[in-house]
Amino acid sequence: MKIAGLASNRGRNLLHIDDVAPGGAELSVALTNQEGAPIVEAAAERGSPTEVVVRADDESRADHERRILDRLGNYDVDLVCLDGYMRVLTETFLENAPTTINVHPSLLPAFPGSDAHEQVLEAGVRTTGCTVHVATEDVDAGPILTQEPVPVYEDDDAASLKQRVLYESEFTAYPRVVRWFAEGRVDIDHEAETVSIEGDTGGDFPTRRLVSEDRGEQLRYGENPHQDAALYVDDACEEASVVGAPQLNEGAKGMGYNNYNDADAALSLVKEFDEPAAAVIKHTNPAGCATSDTLADAYDRALRTDAKSAFGGIVALNRECDAETATAITDSFKEVVVAPGYTDAALDVLRESENLRVLDVGPLGEGEDRFSEPLTEKPLVGGRLVQERDHQSPTADDLEIVTEREPTDAEIETMLFAWKTLKHVKSNGILFATGTETVGVGMGQVSRVDAVTLAAMKAEKDADGKSADGAVMASDAFFPFPDGIDEAADAGIEAVIQPGGSVNDEDVIEAANDHGMAMAFTGSRSFRHD
């Protein structure tokens, strides 16, 4: 896609398009109608050809446009992009040039003209933006190709609004349209003055995303004290969440960036279970998790997985917190406790801990209602990753038993518990469990064997009253070699749940058979990389 850019001043959008080359597009020529326009020097510095075609005092608009067309005829041009070109083009140009598009700094048809920002502020609207449209003889008209909104703030003036519209709106919308043209997705019906974009669809992963969130609070700092941070709130979210959850001990210090991050991870884990469940989280990883007949027992079993690491951690519960559980929580230092409610007696206990934040997230719901938000997001420099949440929850019938020894019913129950918990362990992740409680967790290792070694070490050194001997091991991805199975056998593991799918599955299964292990494949992995 070869672009001719027409600008009367700086042509910042043209230069930005040249920088990002959407769809492989490139600026073939930058043309201006003003002597000394900054676009000429800026384009020349990057090696782009330039043309200056000034309209003479006695020259008609049509003759001036013919001279422009003559100059552009020397270049291979597929698309003409206007950027602050302060002339209204006539049919002489528009009917003889390639498709010509323009960007206007408002959401047309509102606020046309050269003083759009002033009009926006005078009108008192709360949202403005830009419009990229097909150029016609009518000023700031023509079929709309795309629009991109930006907020208008109370402290805005025309200059600040202009900056935001340019860098946050136009720099997004204009390259988008150029890419659409480069990909051959734009269909213009000039007679009907309509435009359609192939593949411009909605759904969970739309071709364009507009995200609007309000700042809930300014946080004390980010991951580290030298980083500023804030919490933004999605008021449309209906799922139980730590965002906006009331803090029931007002005297304690407020939640920080890491507190919110860890509390969210902890709450997501206990939502997995129908039975009373408790989890202790440290740096978004489970230090321990368990289910039981009572909440207090579930918490005790979770804590005893690694009470040392639980110091200063986050506790999440999936039932109303009672006084017995609250007393156990306050026996050692914790940063935050998250639950769907608290008894008055439990609050009396928890409020005695000066720096413990107590969050009430409200009812968790039942079944699939616990997970009404379908997507998760991770910001990147220059973009954002969006994916479906990992809601896999295999049953016994879903497991493929691949070893000579079949797992017992008790081992299968533990496998399913371990798999649900493992989804919340950072990859490479290995988890040892007995019954419905964790025994040792090996998280965030670059080697799967090292993750097994770490889980075994944690089970031996840090688990209170627990042992890897006779336990079940869960792995979030397949074992590429038998060495991970051999390491687990040395630790006393007797059953394994893993995705399968390695080219060496037969060797891994043979190793499990040699050790008398039972092994089940889930057919799907459960990586968590952030």
Side-chain angles (χ1 to χ4, degrees), residues 216 231 233-249 255 259-281 284-303 313-326 328-329 334-347 349-350 356-377 388-395 416-425 436-438 526 528:
L231 173 70
V233 178
D234 176 9
D235 286 325
C237 175
E238 296 181 353
E239 183 175 329
S241 165
V242 298
V243 176
Q247 189 168 324
L248 302 185
N249 51 341
M255 293 279 288
N259 299 141
Y260 274 114
N261 199 31
D262 289 343
D264 176 71
L267 180 60
S268 294
L269 173 51
V270 296
K271 285 179 182 177
E272 295 278 357
F273 303 104
D274 295 320
E275 307 81 9
V280 183
I281 295 290
T284 72
N285 274 302
C289 179
T291 67
S292 187
D293 293 334
T294 68
L295 197 61
D297 189 52
Y299 173 73
D300 177 66
R301 292 171 182 270
L303 180 68
I314 310 290
V315 175
L317 313 169
N318 71 350
R319 294 289 195 279
E320 180 183 65
C321 180
D322 54 39
E324 182 182 1
T325 307
I329 290 171
K334 304 296 189 304
E335 290 274 4
V336 181
V337 59
V338 182
Y342 301 84
T343 65
D344 291 340
L347 286 176
V349 173
L350 295 171
L356 176 65
R357 291 81 146 188
V358 180
L359 300 186
D360 184 350
V361 297
L364 301 187
E366 297 181 2
E368 294 182 358
D369 291 341
R370 294 196 294 260
F371 301 99
S372 61
E373 291 296 304
L375 306 175
T376 63
E377 302 184 16
E388 292 180 337
R389 292 168 72 179
D390 186 0
H391 288 323
Q392 60 174 310
S393 183
T395 66
L416 298 179
F417 163 81
W419 190 258
K420 287 182 179 181
T421 306
L422 182 65
K423 291 192 301 177
H424 301 266
V425 175
T436 57
E437 62 183 282
T438 51
S526 60
R528 184 174 77 84

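Taking all atoms of both residues into account, the shortest heavy-atom contact from Ala302 to Ala290 is N-CB, 3.7 Å. Here the shortest heavy-atom pairing between Ala263 and Val338 reads CB-CG2, 3.9 Å. In this structure, Arg389 and Ser268 approach most closely via the heavy-atom pair NH2-OG, 4.5 Å. Pairing each heavy atom of Ala346 with each of Ala326, the nearest pair is O-CB, 3.8 Å. The heavy-atom pair separating Leu267 from Ser241 by the smallest distance is CD2-CA, 4.0 Å. Nearest heavy-atom pair across Pro276 and Ala298 is O-CB, 3.8 Å.
Here the side chain of Thr436 pairs a donor or acceptor atom with the backbone of Thr291 at under 3.5 angstrom. Arg528 places a side-chain N or O within 3.5 Å of a backbone atom of His424 that can act as its donor or acceptor partner. The closest donor-acceptor contact from the side chain of Lys423 to the backbone of Ser393 lies at 3.5 Å or more, if one exists at all. No side-chain donor-acceptor contact under 3.5 Å links Thr325 to the backbone of Cys321. The backbone N or O of Glu275 lies less than 3.5 Å from a partner atom in the side chain of Asn318, making a donor-acceptor pair. Under a 3.5 Å cut-off, the side chain of Glu320 and the backbone N or O of Gly341 do not form any donor-acceptor pair. A side-chain donor-acceptor contact under 3.5 Å links Tyr342 to the backbone of Leu359. For Arg357 (side chain) and Gln247 (main-chain N/O), no donor-acceptor pair under 3.5 Å exists by modelled atom type.
At least one side-chain heavy atom of Leu347 sits less than 4.5 Å from a side-chain heavy atom of Val358. Using a 4.5 Å cut-off on side-chain heavy atoms (C-beta onward), Val337 and Leu350 make contact. A heavy-atom distance below 4.5 Å is not found between the side chains of Val336 and Val242. You'll find the side chain of Pro286 reaches within 4.5 Å of the side chain of Val425, heavy atoms only.
In this structure, Glu238 places its CD atom where only 12 or fewer heavy-atom neighbours from other residues, nucleotides or ligands lie under 6.0 Å away. The neighbour count for Glu366 CD, taken as heavy atoms of other residues, nucleotides or ligands under 6.0 Å away, does not exceed 12. Other residues, nucleotides and ligands contribute more than 12 heavy atoms inside 6.0 Å of the CG atom of Asp274.
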Is there a side chain to side chain contact (heavy atoms under 4.5 Å, CB included) between Thr294 and Asp322? Walk through the geometry before answering. CA-CA 10 Å; Thr294 68; Asp322 54 39; over 6 Å; no
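To the nearest 0.5 Å, atoms CZ (Arg370) and NZ (Lys271) are separated by 9.5 Å. Here the SG atom belonging to Cys289 is positioned 11.5 Å from the CG atom belonging to Leu422, to the nearest 0.5 angstrom. Residue Leu231 holds its CG atom at 11.5 Å from CG of Asn259, rounded to the nearest 0.5 Å. Rounding to the nearest 0.5 angstrom, the gap separating the CG atom in Asp264 from the CD1 atom in Ile281 is 10.0 Å. Rounded to the nearest 0.5 angstrom, Phe273 CZ and Ser292 OG are separated by 12.5 Å. Taking CD from Glu272 and CG from Asp390, the interatomic distance works out to 8.0 Å, rounded to the nearest 0.5 Å.
By the 4.0 Å N-to-carboxylate-O rule, Glu437 lies close enough to Arg301 to be salt-bridged with it.
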